[in-house]
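What follows is a single structure, written as structure tokens, with notes after it.
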Amino acid sequence: MIKLATVFSGIGAIEHALDRMQLEHEIVFACDNGDVELEMPKVRIDVDSMERELEILKKTIKKVCKKIHDEESVDYATQLDVMVAGVENEYKKLIEKLNLTEDNSAIVETLMSEVGVDIASAIQNTTASKRKKYQELNSILESKPSSIEAKLFFLLRLALTLDEDDFVSSTKELEVIYAQYKSAKRIVKSGRDISERLEMLHDKLFYLETNNDLRQLESYEEKKAYVDKLYAGKESQNKVKQSYMANYKLSEENFHWNVAFLDGKQYAGQVDLFVGGSPCQSFSLVGKQRGLEDTRGTLFYEYARLVKEIQPKVFIYENVKAILSNDDGRTWETMKEVFSTLGYKVYYTFNGKPSVLNARDYGIPQNRERMFVVGFRGDIELEQEFEFPKPIPLEKKMQDFLLDNVSGAYYLPKKGVEFVTSEKNLTKRYTQIDGEVALCQKKNQQFNWHGDFVFVEENNDMEKTMEDLEKYFLSEKVEKYVMATGTKNFYSRPKTDLEVARPLLTTMHKMHRAGVDNYVHTNGRLRKLTPRECLRLMGFCDSFKIVVSDTAMYQQAGNSIVVDVLIAIMKQIIKSIGNGFC
């Protein structure tokens with residue numbers, strides 16, 4: 001019996017892997033907030049808001065520091081001081097860039113009374129998705145930026161936004177000012193960056209205060225109740241939890257909202273296998289790559305803390321390949337140092353290189369590279385040295401995973417599935433699923449449901465399939481967009497019906513270009529992949545229940561670990577640890 005625990009649990013890739021491997025296991029706890037964020041102060045991208053928030057944060061941190069005494073919190077607060085100083089320095093640099101001649105100062109003052117016309121026109125003529133940013137600009141204008149630097153920054157941001165959306169200002173002076181500041185894009189980007197860093201500092205300060213409050217509580221039950229109360233009213237927003245609880249057996253008291261507030265000591269000595277990662281946006285090439293500086297990036301330290309507190313026999317850590325190059329490799333060097341302090345024998349190389357495994361090398365036709373780290377507790381004696389799994393030939397194409405490509409003639413009805421998968425029949429070897437050595441064949445086994453079975457995708461007849469797929473077909477307008485080679489500075493070569501899928505993204509529901517997302521033709525019509533097909537391409541059997549909207553399911557599939565890769569890793573772990581899980 002493997003006692004399993006997961007953080008950033010998602011839709012349970014390791015849980016599904018153990019199910020597919022028919023390894024007896026029990027879930028000790030799971031933790032995932034499903035991207036439900038607690039309400040933190042938002043910092044507008046304008047000079048006045050930045051200056052105000054800086055002063056608030058400096059005062060608040062000093063006030064909080066007076067209340068804390070434990071060494072860990074004091075160290076954390078010191079880091080906040082350093083980060084605030086860093087942001088303040090960036091703010092001063094921004095103000096220096098907003099230097100003005102006397103003539104330009106007069107133009108800026110005049111423009112502030114005229115550009116409202118441009119904003120009103122943009123709000124009326126832009127798309128719904130872009131309207132929000134113009135409404136924000138209008139709100140800043142109405143609040144009347146105070147200093148000349150604040151006014152100039154606002155005007156540069158407005159001019160840049162109009163230019164990006166191909167709107168021409170009715171005020172020629174705005175174009176003149178914009179043209180004079182060749183670095184306008186960098187100036188606005190600096191302001192946006194400062195705003196985001198201030199928001200992160202608010203997050204970090206909140207975590208410091210909350211953990212300080214939690215330390216005052218005596219029992220684990222009180223601590224969980226405190227954290228659950230923070231998320232009160234947000235239960236319906238956690239779509240990840242809905243998917244997880246619909247597919248796996250776990251009590252409510254052992255599902256946790258936030259890894260940063262989870263006290264691992266309550267599970268010390270109860271966990272054999274601990275699996276998770278930390279949110280990849282901080283390291284992903286798609287994101288800003290702030291790495292460990294990002295609030296989400298620092299959740300890596302929470303994962304490491306839990307390993308130390310829980311002391312599982314084995315841990316598996318997963319993240320995007322980009323952690324290796326983030327901050328010129330310094331992020332990965334820091335992570336390796338942290339792993340080395342845990343008291344575990346840690347493996348993170350494969351064939352002399354970092355252990356980046358691609359799903360296409362382990363049976364799934366998807367180009368999805370992820371970095372894996374495996375650790376064995378120091379007191380565990382390995383029967384053989386651990387090695388990451390060797391690649392196997394790819395025998396399937398993406399088309400083999402599509403709903404309309406599989407005949408339904410050989411599929412069991414619901415009653416048959418229940419019989420085949422029952423614990424009694426599996427234990428007594430009446431039935432076997434995905435076995436390596438076939439059971440003895442019996443006469444008429446197709447009628448009594450005994451013998452060998454495999455997990456494959458079920459399908460209905462073509463007419464029903466086409467009916468089910470109808471909402472996934474692209475309209476002529478959308479097809480023209482996704483098949484375009486690009487606009488402005490974006491270029492991609494549109495390809496459809498790939499045999500090996502591009503990496504599934506959490507934003508698949510937004511339908512990007514065909515050079516980014518996966519599209520296929522069915523009966524001559526172009527469509528996007530269905531949520532079920534995405535799950536299949538992540539290694540999930542059709543037994544996985546979809547209980548959330550398509551949008552949520554696309555996000556959850558794109559966030560998951562590929563099940564088949566975990567199966568390959570688990571086979572190697574079992575070879576190394578032998579009976580160590582018993």
Subject >> Side-chain H-bond candidate by donor/acceptor type, Asn367 with Asn358, under 3.5 Å >> reply: yes
Subject >> salt bridge (Lys or Arg N to Asp or Glu O under 4.0 Å) partners of Lys321, counting only residues at least two apart >> reply: Glu369
Subject >> Residues forming a ring pair (Phe, Tyr, Trp, His ring centres under 6.0 Å) with Tyr248, sequence neighbours excluded >> reply: Tyr244
Original post:
Should the ring pair His509 and Tyr554 be called parallel, tilted or perpendicular, given that the plane angle runs from 0 to 90° and is split at 30 and 60?
Top reply: parallel
Subject >> Parallel, tilted or perpendicular: rings of Phe376 and Tyr347 (30°, 60°) >> reply: perpendicular
Subject >> Mutual orientation of the aromatic rings belonging to Phe339 and Phe315 [parallel < 30°, tilted 30-60°, perpendicular > 60°] >> reply: parallel
Subject >> Residue pairs involving residues 546-567 (criterion salt bridge (Lys or Arg N to Asp or Glu O under 4.0 Å); sequence neighbours excluded) >> reply: Arg20-Asp564, Lys471-Asp550
Subject >> Atom of Arg502, atom of Val516 and distance for their closest heavy-atom approach >> reply: CD-O, 3.4 Å
Original post:
Do side-chain atoms of Ser560 reach the backbone of Gln556 as a donor and acceptor pair under 3.5 angstrom?
Top reply: no
Original post:
Is it the case that more than 12 heavy atoms not belonging to Gln384 sit under 6.0 Å from its CD atom?
Top reply: yes
**OP:** Verify salt bridge (charged side-chain N to carboxylate O under 4.0 Å, His left out) between Lys241 and Glu235, making sure each step is shown before the conclusion.
**Re:** CA-CA 9 Å; Lys241 182 181 179 183; Glu235 192 75 26; 2.6 Å; yes
Original post:
Should we say atom NZ of Lys575 is surrounded by more than 12 heavy atoms from elsewhere, each under 6.0 Å from it?
Top reply: no
Subject >> Main-chain N/O of Gln266 paired with Gln270 side-chain donor or acceptor, under 3.5 Å >> reply: yes
**OP:** Evaluate ring pair (Phe, Tyr, Trp, His ring centres under 6.0 Å) for Phe350 paired with Tyr348, printing each intermediate quantity in order.
**Re:** CA-CA 7 Å; Phe350 178 51; Tyr348 44 72; over 10 Å; no
Original post:
In terms of ring plane angle, is the pair His16 and Phe544 parallel, tilted or perpendicular, where the classes change at 30° and 60°?
Top reply: perpendicular
Subject >> Pair Glu533 + Arg536: basic N to acidic O under 4.0 Å >> reply: no
Subject >> Crowding at CZ, Arg532 (>12 non-hydrogen neighbours, <6.0 Å) >> reply: yes
